[in-house]
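These notes are about the structure you will find just below.
Convention: sequence-line order gives letters A, B, ...; per-chain numbering from 1. Keep in mind that this is a model prediction, so the values were computed, not measured.
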Amino acid sequence: MRTHMCGEIGTSDIGQTVTVCGWVAKRREHGDKLAFVDLRDYSGIVQCVIDNAVDVRSEYVVKITGVVRPRPEGTVNVNLSTGEVEIGECLVEVLRSAEPPPFPVDARADDVDENVRLQYRYIDIRRERMQKNLRTRAKVNSAVRTAMESQGFVEVETPMLVPSTPEGAREFLVPSRKEPGSFYALPQSPQLFKQLLMVAGIDRYYQIARCLRDEDLRADRQYEFMQLDAEMSFVNQVDVLAAISAAVIAAAESVTGVKPDPIQQITWREAMERFGVDKPDLRFGMELTELTAIFSSTEFKAFAGAESIKGIRVEGKAEEFGRNKLDALTDRAKKMGAKGLVWLKVTTDGTLESPVVKFLSADEQSQLISTLQAKAGDLLLIVADKWSMTCEVLGTLRNDLGRPPVHQGPYRYVWVTEFPLFVGVDKETGQPKPGHHPFCQPHPDDLDKFESDPMSVRSLAYDLVLNGWELGSGSIRIHEPEMQRRVFTALGISEDEANRKFGFFLKPFTYGAPPHGGFAFGLDRLVAILAGEENIREVIAFPKTQSGQDPMTNAPTRAENKQLDELGIRVLPPKV
RNA sequence: GGUCUCGUGGUGAAGUUGGAGUUCACGCCGGCCUGUCAAGCCGGAGGUCGCGGGUUCGAGUCCCGUCGGGACCGCCA
């Protein structure tokens with residue numbers, strides 16, 4: 001039907017007769033003897049010159065045949081990739097007329113209410129931005145597949161209708177027609193199946209897998225999302241990180257054209273100490289500075305005897321933060337559970353100004369300034385509390401005060417390793433809770449502390465972080481039933497309970513499970529950042545709104561009684 | 001479940017101490033126009049100010065409720 005794409009026509013085509021198809025982006029009439037039509041397809045826009053009267057309007061679908069020619073002197077459009085040429089002597093065939101679009105099909109629609117864009121997503125996607133984003137996504141998928149396959153990974157598809165599992169995220173349930181009252185779940189991840197594929201001797205599995213979680217939506221979370229899911233046999237952590245790094249680096253290079261440096265690693269402990277969070281954003285400084293030793297014999301009650309005292313230096317912000325803003329920061333700290341937040345301002349003569357400065361000795365003040373490398377005009381924020389609280393509060397404030405939008409360069413990838421095996425304590429049972437999931441291999445150097453000090457045991461679990469966004473996580477798994485029992489015991493799970501909850505998963509491991517480990521990372525998040533978007537909806541063709549609805553299809557919709565009868569389901573009246 | 005925020009012709013905005021659905025830009029329809037390019041000029045149509053109450057002589061504006069969008073917290077082993 002066509003010989004060229006609109007955006008690809010250039011000076012090398014001059015003199016050729018071409019046929020292009022697309023949508024009318026703009027029509028400019030000059031009497032009934034001359035009109036310009038900008039024709040758009042996914043590749044771009046080309047100007048067609050029409051010498052007779054043709055009724056074409058915005059978004060009409062047309063086929064235009066004509067001759068490529070250079071534009072007359074002085075009429076070159078430098079804003080257009082095809083701006084040096086135009087198609088003349090045009091024969092126009094209207095393939096389909098169209099209603100005027102509800103919003104401009106160009107960059108101006110970036111300002112349109114997102115709900116309206118989603119309602120007319122098929123028009124929104126005609127826009128350059130969405131075309132680019134979806135094609136970026138396809139590039140990432142393709143690069144990831146190539147990278148995985150070149151490393152010997154085998155793509156295996158796992159089921160979408162799976163048993164409901166007791167732990168983890170809330171699941172979507174699918175009623176069984178053959179067995180009314182029973183339900184499938186949609187998979188939160190292919191976790192179980194991929195580990196069983198290792199028992200099954202697949203050796204290296206990968207899948208670009210759709211995962212579903214019925215948890216509240218966010219800028220970086222949808223009900224359904226895509227993950228690169230992978231698992232490897234006969235490997236250690238170094239092997240897994242290398243394999244996944246290769247895929248991520250290939251994906252990034254395919255989009256940006258620049259091969260990222262090897263991905264750096266830090267331990268979870270170091271991430272918490274320096275950045276206060278387990279998904280550190282390495283694009284900016286303002287690191288947490290250790291101050292505990294300075295106040296080891298302080299008279300200041302709020303600092304005396306604190307397990308951990310840390311501070312951050314907010315460069316040059318002393319002036320900007322008046323009483324209201326400082327109170328808001330203090331409130332934020334208290335809401336997170338901190339006892340308080342101490343702020344100090346460095347004045348122009350280098351002294352400290354703060355309600356608490358009178359409680360600090362001259363020596364403490366000077367050490368504070370030198371340790372934090374504070375300069376005139378800086379705002380200093382200090383928290384004294386339990387180590388985890390100090391880190392968490394300052395880490396949050398650091399992000400609040402310094403973090404650039406996620407898509408703003410440079411791209412800073414980082415592996416965070418050695419996550420704690422257990423995190424916190426279950427309020428009801430008093431037992432430790434798994435940091436990642438109960439099948440993570442404990443760190444071999446910490447096995448002697450397993451019973452005596454379980455909370456200090458590290459695991460062979462790791463996260464991949466990009467610009468403060470968690471891209472994904474993984475671990476070396478437990479493949480020995482004895483070790484699994486030890487972890488279950490620490491978690492307060494009896495053998496009976498373990499068999500009941502995880503039996504279908506544990507039994508296969510008695511038939512010869514190889515040592516194995518794996519990883520999964522969210523493709524939507526990676527694509528969003530690489531595409532320069534701060535919202536994954538912008539890189540998903542048909543996303544849901546924050547309330548889980550699709551404004552285009554109106555999903556979810558009510559089920560017919562006939563369907564419900566067949567499934568043996570009755571809907572309760574709405575709660576008053 | 002919670003906090004904050006937004007809702008005004010098709011789209012984006014403005015709307016003052018409460019005083020007539022007022023305004024601006026784009027789009028749309030009609031006319032003019034032979035080198036424009038998110039064209040220009042002239043004219044026109046188009047809105048139950050998300051919805052429901054309340055206060056008031058009078059509500060886009062104030063109050064209460066509700067629905068919808070967004071950001072965040074909880075949640076996401």
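For the pair A/Arg537 and B/A71, the criterion of a side-chain N or O lying under 4.0 Å from OP1 or OP2 is met. Within the 4.0 Å cut-off from OP1 or OP2 of B/A71, at least one side-chain nitrogen or oxygen of A/Gln546 is found. Under 4.0 angstrom from either OP1 or OP2 of B/G69 there lies at least one side-chain N or O belonging to A/Gln549. A close approach under 4.0 Å does occur between a side-chain nitrogen or oxygen of A/Arg28 and OP1 or OP2 of B/A39. For B/U36, the OP1/OP2 oxygens have no side-chain nitrogen or oxygen of A/Thr75 closer than 4.0 Å. Residue A/Asn77 places at least one side-chain N or O under 4.0 Å from the OP1 or OP2 atom of B/A38.
Atom CG of A/Asp38 is separated from atom P of B/A38 by 8 Å (rounded to the nearest Å). The nearest whole Å value for the distance from the CG atom in A/Asp220 to the P atom in B/C75 is 15 Å. As rounded to whole Å, 16 Å separates atom P of B/C75 from atom CG of A/Asp214. Atom CG of A/Asn535 is separated from atom P of B/G70 by 9 Å (rounded to the nearest Å). Protein atom NZ of A/Lys335 is 10 Å distant from nucleotide atom P of B/U3, rounded to whole Å. Note: CG (A/Asp216) to P (B/G2) measures 12 Å, nearest angstrom. Atom CG of A/Asp113 is separated from atom P of B/G50 by 13 Å (rounded to the nearest Å). Summarising the geometry, the separation between CG on A/Leu118 and P on B/G68 is reported as 16 Å, rounded to the nearest angstrom.
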Requested in this report: Start with the C-alpha distance between A/Phe502 and A/Phe439, add both sets of side-chain angles, then the distance that settles ring-ring contact (aromatic ring centres under 6.0 Å, His included), and finish with yes or no.
Outcome: CA-CA 11 Å; A/Phe502 307 110; A/Phe439 313 111; 5.4 Å; yes
Report task. Take A/Phe521 and A/Trp469 through the ring-ring contact (aromatic ring centres under 6.0 Å, His included) test and state the conclusion after the steps. Result -> CA-CA 11 Å; A/Phe521 78 80; A/Trp469 265 14; over 10 Å; no
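Among the atoms of the strands shown, none is found under 4.0 Å from any heavy atom of A/Glu59. Across all strands shown, A/Arg525 has no heavy atoms under 4.0 Å from either base or sugar-phosphate atoms. If you check every strand for non-hydrogen atoms under 4.0 Å, A/Asp106 touches a base. Counting any heavy atom pair closer than 4.0 Å across all strands shown, A/Pro102 reaches sugar-phosphate atoms only and no base atom. As judged by a 4.0 angstrom heavy-atom cut-off over every strand, A/Ala219 is placed among residues touching the sugar-phosphate backbone only.
Figure legend. B/A71 is base-paired to B/U3; pairs are counted as Watson-Crick or G-U wobble with both atom distances under 3.5 Å. Across all strands shown, B/A25 forms a Watson-Crick or G-U wobble pair with B/U11, both key distances being under 3.5 Å. With a cut-off of 3.5 Å on both Watson-Crick or G-U wobble distances, the partner of B/G65 is given as B/C51. If you check B/A39 for Watson-Crick or wobble pairing at under 3.5 angstrom, you find it has no partner at all. The partner of B/C76, taking Watson-Crick or G-U wobble pairs whose two distances both stay under 3.5 Å, does not exist in any strand shown. Nucleotide B/G19 is matched to B/C57 when pairs are restricted to Watson-Crick or G-U wobble geometry with both distances under 3.5 angstrom.
With contacts defined as side-chain heavy-atom distances shorter than 4.5 Å, the pair A/Val240/A/Met232 qualifies.
One N or O donor and one acceptor, one from the side chain of A/Arg221 and one from the base of B/C76, sit under 3.5 Å apart. In the interface, the side chain of A/Gln119 is not paired with the base of B/G69 through any donor and acceptor atom under 3.5 Å apart. Taking only distance into account, the side chain of A/Gln47 meets the base of B/U36 through a donor-acceptor pair shorter than 3.5 Å. Interface remark: the A/Arg71 side chain does form a donor-acceptor pair with the B/C37 base, using a distance-only criterion of under 3.5 Å.
Spacing of P atoms, B/G68 relative to B/A14, comes out at 25 Å, to the nearest Å. Only the P atoms considered, B/C26 is 35 Å distant from B/C63, to the nearest whole Å. Between B/U61 and B/G9, the two P atoms lie 15 Å apart (nearest whole Å). Nucleotides B/U16 and B/G53 have their C1' atoms positioned 27 Å apart, rounded to a whole Å. Taking the C1' atoms as reference points, B/G54 lies 15 Å from B/G18, given to the whole Å. Between the P atoms of B/U17 and B/G65, the separation comes to 25 Å (whole Å). For B/G30 and B/A13, the C1' atoms lie 27 Å apart once the distance is rounded to whole Å. For the C1' atom pair drawn from B/G50 and B/C72, the interatomic distance equals 24 Å after rounding to whole Å.
Closest to the side chain of A/Val49, from the set B/G35, B/A38, B/G69, is B/G35. In the set B/U11, B/A39, B/C76, B/U11 carries the atom at the smallest distance from any side-chain atom of A/Val112.
Comparing A/Phe103 and A/Lys279 by the nucleotide of RNA chain B whose heavy atom lies nearest to each, the residue mapping closer to the 5' end is A/Phe103. Nearest-nucleotide mapping onto RNA chain B: of A/Asp32 and A/Glu29, the residue sitting toward the 5' end is A/Asp32.
In this structure, A/Arg398 is positioned above the aromatic face of A/Phe284, its NZ or CZ under 6.0 Å from the six-membered ring centre and within 45° of the axis. For A/Lys317 and A/Phe321, the positive end is not near the middle of the six-membered ring at less than 6.0 Å and at most 45° from its axis.
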Output one line per pair: protein atom, nucleotide atom from nucleotides 25-29 of chain B, and distance, for all N/O pairs under 3.5 Å.
unit_1: B/C26; atom_1: O2'; unit_2: A/Arg108; atom_2: NH1; d: 3.2
unit_1: B/G27; atom_1: OP1; unit_2: A/Lys26; atom_2: NZ; d: 3.3
unit_1: B/C28; atom_1: OP1; unit_2: A/Ser58; atom_2: OG; d: 3.3
unit_1: B/C29; atom_1: OP1; unit_2: A/Arg57; atom_2: NH1; d: 2.5
unit_1: B/C29; atom_1: O5'; unit_2: A/Arg57; atom_2: NH1; d: 3.4

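Ring geometry, A/Tyr122 versus A/Tyr120: the interplanar angle exceeds 60°, so the pair is classed perpendicular (tilted spans 30 to 60°). Relative ring orientation between A/Phe419 and A/Trp268 is described as tilted, the plane-to-plane angle lying within the 30° to 60° band. Relative ring orientation between A/Tyr462 and A/Phe519 is described as parallel, the plane-to-plane angle staying below 30° on a 0-90° scale split at 30° and 60°.
In this structure, the aromatic ring of A/Phe36 is positioned over the six-membered ring of the base of B/U36, centres within 5.5 Å and planes within 30°.
Note on A/Asp110 versus A/Arg129: salt bridge recorded, some NZ/NE/NH1/NH2 to OD/OE distance being below 4.0 Å.
No hydrogens or angles considered: a donor-acceptor pair under 3.5 Å links the side chains of A/Thr553 and A/Asp550. Judged purely by distance below 3.5 Å, without hydrogens or angles, the side chains of A/Asn133 and A/Glu533 pair a donor atom with an acceptor atom.
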